[in-house]
Amino acid sequence: MFKEYKHLEIEKLTNEIIIYWEKKNFFKKKKKKDIYIIYEGPPSSNGSPGIHHILPITIKDLFCRYKTLKGKKVKRKAGWDTHGLPVELVVEKELGITKNDIGKKISIFKFNTKCKEAVMRYYNEWLKLSKKIGYWIDLEKQYFTFKTKYIETIWWLLKNFHNKNLLYKGYKIQPYSPAAGTGLSSHELNFPGGYKKITDLTIIVKFKCIKNTLPKELKKITGEIYFLTWTTTPWTLPSNTALTVGKNIDYVIISTYNPYSFLKINIILAKKLVKKVLSKNFYYVNSKKELKKIKKNKIPYLILNGFKGYKLIGSNYEQLINWFSPYKEKEKAFKIISSDIVTKKNGTGIVHISPTFGEEDFFLSKKKDIPPMLILDKNKIPVPLVDMEGKFIKETPYGFSGKYVKNEYYSDKNRPAKSVDLEIALYLKNINKVFKIEKYIHSYPHCWRTKKPILYYPLNSWFIKTSFFKEKMLKLNNSINWTPKSTGKKKFGFWLKNINDWNLSRSRFWGIPLPIWRTKKGDEERVIGSIKELINEIEKSVKEGLMSYNPLKNFIIGNMSDKNYDSIDLHKHNLDKIILISNYKKPMIRESDIIDVWFDSGAMPYAQLHYPFEKKFLIEKKIMFPADFICEGVDQTRGWFFTLHAISCMLFNSISFKNVISNGLVLDEKGKKMSKSRGNTINPFKIIKKYGPDTIRWYLISNSSPWENIKFNIKIIEKIKQKLFGTLYNVYYFFYIYAKIDNFKLKEKKILLKKRPFIDKWILSELNSLIKKTDYYYHNYEPTKVVRKIENFVIENLSNWYLRLSRKRFWKENYTTNKISAYQTLYICLSTIYKISSPIAPFVMENFYKNLNFYLKKKSFESVHLSDFPQYNIKAINKNLELKMRLAKKITSMIFSLRKKEKLKVRQPLKRALIVINTNNFKFNKFLNLLKREVNIKQIKFFSKNKLSSVTKQEIKVNYKLLGPKFGKVVTLIYKKINNLTIENIKKIETKNFLRLNINDRKICLSKTNVFISTVYLKGWSALCNYGITVAIDTTISDTLKKEGFSRELINRIQNIRKFFNYKITDKIYLYIEKSFFIDKILKLNEHFLCEETLTSELIVINHLKNGIFSFIEKNKIKILLKKKE
RNA sequence: AGUCUCGUAGCUCAGUUGGUGAGAGCGCUACACUGAUAAUGUAGAGGCCAGCGGUUCAAAUCCGCUCGAGACUACCA
């Protein structure tokens, strides 16, 4: 039932509403019309939810609620991303183990069980948050990525990729920790302390050109020519197979001497880097003669020629360290190629490429068809020159065999004095191939567990050929409505343009296993696309004796019940035991990796429906696909946004979401990222409890656009609670008080708009404009603009203006049409505000709406969330009226301002005010009474400026927009001239519509539209001019006015006493006043007015009043006594 | 290091396709108003629109560079 809160107690009402919703189950009472689909970006339930999760949740929820109001059936399935590294790391920490212990100290089964437990723990936290923040989401059919049905869809998708030849096994250079024996994800590299500044030995080496492959102008130079190349990883030099230059970078060939051997050489390097490389002992000369003067510490160099990088492309050089050669296509190696990775900042402008130990090198060599330095081992399997432990392979000559390539890999005891890098440098120096040896400080990633530097190492992985679909993905991206635009066009677009193949493999445990079985040699493989297929294959295997029994035999093929599906578990611990048989009767074992969790989440549109095993039509008839809307943080651009897009483009030739908001981040008050290490995180539950969910929701949406980062500021949250919700409460409470007195229950016929007072017409016009605007902004995914419009309407228009001016209508009159109109108007305003605000503040608005309608006994409206979004009535919108009211407000402010200047209290009535408005033909007649009452002035007159020309001055200004393009610099001269025009000349423009000017002997004719003419002030009046309005007040106060002023003072004293004694606003009183000359004077003219205002039924003036209350009006002492009339 | 986003009053933010006195709310100070009053009104203080340069008759707005914040990507040799 209706409750009268003394103050708005958000926490209390929130809890009540939560219970109310649960009891009535409104979430399920959805209307059935068009479907609106939102995909839940599965929150990875691998950690407790934080304050930053509230932002996307709020955005998602508000659009769901909005669309529901608009009559859509909103599909919003909850989903949970359950796999992945972070969960595994949590569990490792809890168990005190490392990756290497899994499968040894603890079984994979146990480990995975623990992971599942951890996930479910966080899941409960998430549920709690959803409930507390008012996130309505369908939990009944929620999906979990670890469920068998989900996995089966993923397998089906992968099989499809395989069938289309888009799934392949290859190797990719990945961060690898030899000390831990494991590959690292980029996530792990970014752990605190991952990147460390280290000092590396760097060398500049000389690659000898094969002269006849050089361009003509270089061929003719006498003597050997070398490419100078710089490297921070000398140990990769034996694996060098190419050098790269920048196409448009300027290079020079220089004749000089080797600083170690002092032998004459010709070197090639980037022009800009000459001074850096040839520093210290070198000096520049410009003749061959000077070049001959060489001393030990003074080596001359002479620039022989200059050319662009592209000239060198295709030239060959001699292998620097010829210990090994690539096992295939070696004729394509040792070539100059070009790429844009070359910069002019470091090194020599020529970059050494080792495709086996650099990610960029790898991609580049693939693109340019350069073979990697792989050799065949005993088993004829191609391997790189460094093994998995980080050692040079056995076959390496010159004592390098079996040495760790990084000194840090040795234990402290066994660490040699010379690192491999140094030894290689010395080796090259001995054979005269080094030009320079230096030290270099740079940041390098380290394994977070072993603290040792990582290697970039070729690891076997399964890939999806995403690069093949680059163009399609770019094209389809254009049809997605991104908010903000830049994320889609730039961030996402650029990312797609540089797309590489998607590495699916993860050498971990808790995830969806790759459904790929292979023979040892890798010559036969089978990709499993369904459980049915797997069971059939196992049966074959059992028949042939490869397996003793079928571990999935309890599964009933074709039975889609959850019970059947939950009876089996398709995780690694079970799947690894399965051995299948190939067509040629060879055993096949499963590829041991699991799938990148991003594939899990990108596949959610299909996997959440168990496509294509159940309800195929939902996808194929495009009922549940693509989504109308998704929303996640910008950091998901390369994450979920990409994986969704990639899978749908490649397999379904479609986008997977039509509208997307990529929201910004929630930072702390100072704009710093929230993190546990900084200690600036905020517990979402605490903050919700303290300020209420709606306050937080409103704050996050109103403060700045969702895509902007937000600095979480408690003070502003407090303000929203006070100012917006407080005002709303006040307005509601006001309505309630009087509606109760008058027993207003919305029973009367709706009063026609044209029969309502103009102030009602005005607020209804504003209201309809508001509906129109908010609907538009909601529709365009701009919630911030929605709430700002609502705030402005509630605070400025409804509360501070409409209600203030209408108060007397509720308070004074009998139950007239005017009053009913006021009630009806206020009711519709409130009810509309609640509806259009409910998506953002679901609890508070529900509470208001419920109370408003319960009081009116309109039970058909149980919940604001089941109502319809209001339709705006175009006929009710009157822009002219809105503009006039804005001016009226402005005029009121100006009059108050004048009163202040003249020290005239508002209680003191004034004789008259004059107003001049520049805009012509503006009829303010209807506003007069309203204005008069508000500013307490007896007479207000509006004048057109012409009539008042004797007392006003006209000011003239240049219309730059028109004159600027026409006259250019002359505009400033025109401005000067015009500024000094006489009043007569200004008037001439007004009457003749043009004016001739002489500027620099040039005759210029200005038309009226070329200038702005405005009125400035009135002589002899207290006046103010602003916004094209001039306002003046007559400051003379007659005796009558003075008395009336006193009477208002007296009323004020009486009202204060009434209030002090807690009289009800409807209580009538007997008023006793002690007789005095002053009192007589006041009462003479104003007695009736006074009684009316103070609900005095009888006024008694007594000579000597006992027990009265003293008060002062100016210096006059008065004594009053009030008695309530029973 | 690169890419993207952002930088307007003490704080949070507006500022349309460039058009010329740079705005609002909060906070602060003073005064007023008040039968919805922890509200409201008026006035005051507070800004080289991050900095520098350019385009233009005209720049907070467009372009370039620098500085600062954040995100993403990174052994750029």
Side-chain angles (χ1 to χ4, degrees), chain A residues 7 175 186 189-190 195 200 202 229-233 236 243-244 339-343 345-348 350-354 357-361 442-445 453-456 484 486-487 490-491 494-495 633-635 637-638 664-665 667 669 671-673 702-704 707-711 713 715-716 719 722-723 726-727 729-738 788 791-792 795 799-800 803-804 807 810-811 892-894 896-901 903 905-907 957-972 975 1052 1055-1056 1058-1059 1063-1065 1093-1095:
Chain A
H7 291 284
S186 58
L189 290 188
N190 282 316
Y195 281 86
D200 262 335
T202 72
T229 297
W230 178 66
T231 180
T232 57
T233 51
T236 61
L243 296 176
T244 171
S339 87
D340 49 14
I341 67 167
V342 183
T343 68
K345 283 179 185 165
N346 273 327
T348 61
I350 302 172
V351 177
H352 135 70
I353 297 294
S354 56
F357 300 113
E359 197 177 0
E360 271 189 318
D361 306 29
H442 62 154
S443 77
Y444 193 90
I454 60 112
L455 282 189
Y456 283 78
S486 63
T487 305
K490 293 189 179 175
K491 229 176 166 171
F494 291 166
W495 160 253
V634 259
D635 48 334
T637 311
R638 290 162 166 82
L665 286 114
L667 308 171
E669 218 171 345
K672 296 283 173 198
K673 197 185 173 183
S702 70
N703 190 71
S704 49
W707 48 91
E708 221 103 47
N709 288 351
I710 185 165
K711 293 178 201 160
N713 190 321
K715 278 182 199 157
I716 298 176
K719 272 292 140 202
Q722 249 176 47
K723 185 141 184 163
T727 304
Y729 169 75
N730 274 337
V731 177
Y732 170 76
Y733 188 64
F734 179 92
F735 176 83
Y736 157 74
I737 290 172
Y738 293 105
R788 287 187 181 166
E791 280 175 1
N792 181 62
I795 295 168
S799 173
N800 286 353
L803 208 60
R804 192 145 62 92
R807 266 191 309 217
F810 292 92
W811 155 231
T892 315
S893 299
M894 288 167 79
F896 282 138
S897 177
L898 283 173
R899 277 180 169 275
K900 153 112 182 160
K901 200 167 107 195
K903 294 192 172 143
K905 283 186 163 188
V906 181
R907 287 201 198 98
K957 276 184 180 172
V958 178
N959 185 341
Y960 282 98
K961 202 169 184 173
L962 287 177
L963 293 183
K966 205 167 163 186
F967 293 103
K969 274 185 181 166
V970 182
V971 164
T972 41
Y975 169 79
N1052 167 260
Q1055 301 288 33
N1056 287 343
R1058 280 185 66 115
K1059 205 175 174 185
Y1063 287 7
K1064 280 188 198 155
I1065 54 171
E1093 287 292 311
T1094 55
L1095 287 190

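Proteins get letters first, then strands, A, B, ... in listed order; numbering begins at 1 in each. These numbers come from a predicted model, not from an experiment.
Between the C1' atom of B:rG41 and the CZ atom of A:Arg804 lies a distance of 7 Å, rounded to the nearest Å. Atom P of nucleotide B:rC33 and atom CG of A:Asn1056 are separated by 11 Å, given to the nearest angstrom. Atom CZ of A:Arg788 and atom P of B:rU16 are 13 Å apart (whole Å). With rounding to whole Å, A:Glu791 atom CD is found 13 Å from B:rC13 atom P. Atom CG of A:Asn713 and atom P of B:rG27 are 13 Å apart (whole Å). Between A:Gln722 atom CD and B:rA38 atom C1' there is a gap of 6 Å when expressed in whole angstrom units. If you take CH2 of A:Trp495 and P of B:rU3, they are 17 Å apart, rounded to a whole angstrom. The distance from atom NZ of A:Lys490 to atom C1' of B:rG2 is 15 Å, rounded to the nearest whole Å.
Shown here, B:rC62 forms a base pair with B:rG54; the pair counts as Watson-Crick or G-U wobble because both key distances fall under 3.5 Å. Pair assignment for B:rA43 gives B:rU29, based on Watson-Crick or G-U wobble hydrogen-bonding distances that are each under 3.5 Å. Using Watson-Crick or G-U wobble geometry with both donor-acceptor distances under 3.5 Å, B:rC49 finds no partner in any strand shown. Pairing partner, B:rU12: B:rA24, with both Watson-Crick or wobble hydrogen-bond distances short of 3.5 Å. The partner of B:rG7, taking Watson-Crick or G-U wobble pairs whose two distances both stay under 3.5 Å, is B:rC67. Nucleotide B:rA36 forms a pair with no other nucleotide shown, judged by Watson-Crick or G-U wobble geometry with both contacts under 3.5 Å. As the counterpart of B:rA1, B:rU73 is assigned, both hydrogen-bonding distances of the Watson-Crick or G-U wobble pattern falling under 3.5 Å.
Under 4.0 angstrom from either OP1 or OP2 of B:rU12 there lies no side-chain N or O belonging to A:Asn703. Taking only side-chain nitrogens and oxygens, A:Asn800 comes nearer than 4.0 Å to OP1 or OP2 of B:rG41.
At a threshold of 4.5 Å between non-hydrogen side-chain atoms, the residues A:Tyr456 and A:Pro445 count as touching. A:Tyr733 places none of its side-chain heavy atoms less than 4.5 Å from the side chain of A:Val731. Residues A:Ile710 and A:Leu667 form no side-chain contact, since every pair of their non-hydrogen atoms from C-beta on lies 4.5 Å or further apart. With a 4.5 Å cut-off on side-chain heavy atoms, A:Glu791 and A:Ser702 count as touching. For the pair A:Asn703 and A:Ile716, the minimum side-chain heavy-atom distance is below 4.5 Å.
Nearest to the side chain of A:Ser893, among B:rA36, B:rC72, B:rG41, sits B:rG41. The side chain of A:Tyr738 lies closest to B:rA36 when the candidates are B:rC76, B:rA36, B:rA71. Nearest to the side-chain atoms of A:Lys711 among the listed nucleotides B:rU12, B:rC4, B:rU34 stands B:rU12. Relative to the side chain of A:Leu665, the nucleotides B:rG70, B:rU12, B:rC4 differ in distance, and B:rG70 lies closest.
When ring centroids are compared, A:Phe734 and A:Phe810 come within the 6.0 Å threshold.
Atom CD1 of A:Ile353 sits about 8.0 Å away from atom CG of A:Leu243, to the nearest 0.5 Å. A:Tyr444 contributes atom OH, which lies 5.0 Å from atom CD1 of A:Ile454 (distance to the nearest 0.5 angstrom).
Base contact: A:Gly358 has a heavy atom under 4.0 Å from a base atom. Across all strands shown, A:Tyr456 has heavy atoms under 4.0 Å from base atoms, whether or not it also approaches the sugar-phosphate. The residue A:Leu803 sits close to a base: some heavy atom pair falls under 4.0 Å.
For B:rC48 and B:rU61, the P atoms lie 16 Å apart once the distance is rounded to whole Å. B:rA24 and B:rG44 have their P atoms separated by 11 Å, given to the nearest Å. As rounded to the nearest Å, B:rC11 and B:rU34 have C1' atoms that lie 29 Å from one another. Comparing the C1' positions of B:rG18 and B:rC49 gives a spacing of 15 Å, expressed to the nearest Å. B:rU42 and B:rA60 have their P atoms separated by 29 Å, with the value rounded to a whole Å. Taking atom C1' on both nucleotides, B:rC13 is separated from B:rC33 by 29 Å, rounded to a whole Å. If you take atom C1' in B:rU40 and the same atom in B:rA22, they sit 27 Å apart, rounded to whole Å. B:rA1 and B:rU12 have their C1' atoms separated by 34 Å, given to the nearest Å.
The residue among A:Lys723 and A:Glu359 whose nearest nucleotide of RNA chain B is located toward the 5' end is A:Lys723.
Scanning atom types as modelled, one donor and one acceptor separated by under 3.5 angstrom connect the side chain of A:Ser799 and the base of B:rA36. The base of B:rU37 sits with one of its N or O atoms less than 3.5 Å from a complementary donor or acceptor on the side chain of A:Arg807.
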